[in-house]
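Start at 1 with the first residue, then count along the sequence. Start at 1 and go down the list; that is how both ligands and their atoms are numbered. Fair warning: this is a prediction, and the values are worked out from it, not measured in the lab.
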Amino acid sequence: MPLPADYHMHTPLCRHAKGEPTEYAARAIKAGVPEIGFSDHSPMREDDFDEWRMRASELTEYAGKVEQARLDHPDLPIRFGLEVDFLPGQEPWIREMADLHDWDYFIGSVHYVGDWVIDNPTTLNRWRDRDTIEVWSAYFKNLTDAAATGLFQIIGHADLPKKFGFVPDEDCTPLYRNFLTACADTETCVELNTAGLRKECTEIYPHPNILKLARQLGVQITFGSDAHAPHEVGADLDQAVTLARECDYETCCRFEKRQKSVIAI
Ligand code: ZN
Ligand code: FE
Ligand code: FE
Ligand code: ZN
């Protein structure tokens, strides 16, 4: 099947990914991915915020690496974006970053609940110490607020809390509905992210129940491998397209300078 654009990939600037953007681009061409976009972990205003993102002073270097990939692979459309961490109160900083470069899109992602990075394997114990539903509720509250800002073209890995298999017994439909209503209101896309297949949960983010509800509410989609190394570019995007179609999607979105266009899948 023809693969969609892969809009979620990282660079070594975030300190936990390998390979230069030009190598990711070369791999995309080999794997038959028709378009890619870089979305490395955005800087925070404070460079010592945490250890897994680029520094604010490195944004220019990031732009240069992506530009090099474009020069080396002129026939591959290469988009320039960021995976922006949404935490309450970050909106002014996100607006400042948006003005710094000619971005094609921002992926808004939530990794933090309070001061805890919920997908960090070294803090797995905190999952055991807390009520799963309480963490999911807090997570989806942040995600809903992120979508409601309208600052993001795409929301990344919407049910990331399932990563290690901590899934609540309770019905989460109300959490999903609040979140997806905010996406619909702001015309923010939801990303099908295949990294979940490579984690303990062994599922694409988000779950089919979320995608089906998204489809009902008129929320559009994009695709991403969340590659942290060149060999992961385009990983399992065929499975993600199959899932999207099973959830009644017939189109996905592309972004150029934050302008959306719709293409068939
Ligand atoms: Zn990462
Ligand atoms: Fe992420
Ligand atoms: Fe990512
Ligand atoms: Zn990510």
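- Take Phe152 and apply the ring-ring contact (aromatic ring centres under 6.0 Å, His included) test, not counting sequence neighbours, and it matches no residue.
- Around the Fe ion (ligand 3), the two atoms NE2 of His10 and OD1 of Asp226 are separated by an angle of 90°, to 10 degrees.
- Restricting His111 to its N/O/S atoms, the shortest distance to the Fe ion (ligand 2) is reached by NE2.
- Applying the side chain to side chain contact (heavy atoms under 4.5 Å, CB included) test to Asp50 and every residue at least two apart in sequence or in another chain returns Trp52, Arg53, Tyr112.
- Leu180 and Ile154 fall into different hydrophobic clusters, where Ile, Leu, Val, Met, Phe, Trp and Tyr residues are linked whenever their side-chain heavy atoms come under 4.5 Å apart, directly or through other members.
- Put simply, the side chain of Glu191 gets close to the backbone of His157: a donor and an acceptor are under 3.5 Å apart.
- Considering the Zn ion (ligand 1) as centre, the angle to NE2 of His16 and to NE2 of His228 is 100° (10° rounding).
- In summary, His41 places no N/O/S atom under 2.8 Å from the Fe ion (ligand 3), failing the contact criterion.
- Within Glu83, OE1 is the N, O or S atom that lies nearest to the Fe ion (ligand 3).
- Distance check for His8 against the Fe ion (ligand 3): an N/O/S atom falls below 2.8 Å.
- Note on Ile29: it clusters hydrophobically with Phe223, by side-chain heavy-atom contacts below 4.5 Å among ILVMFWY residues.
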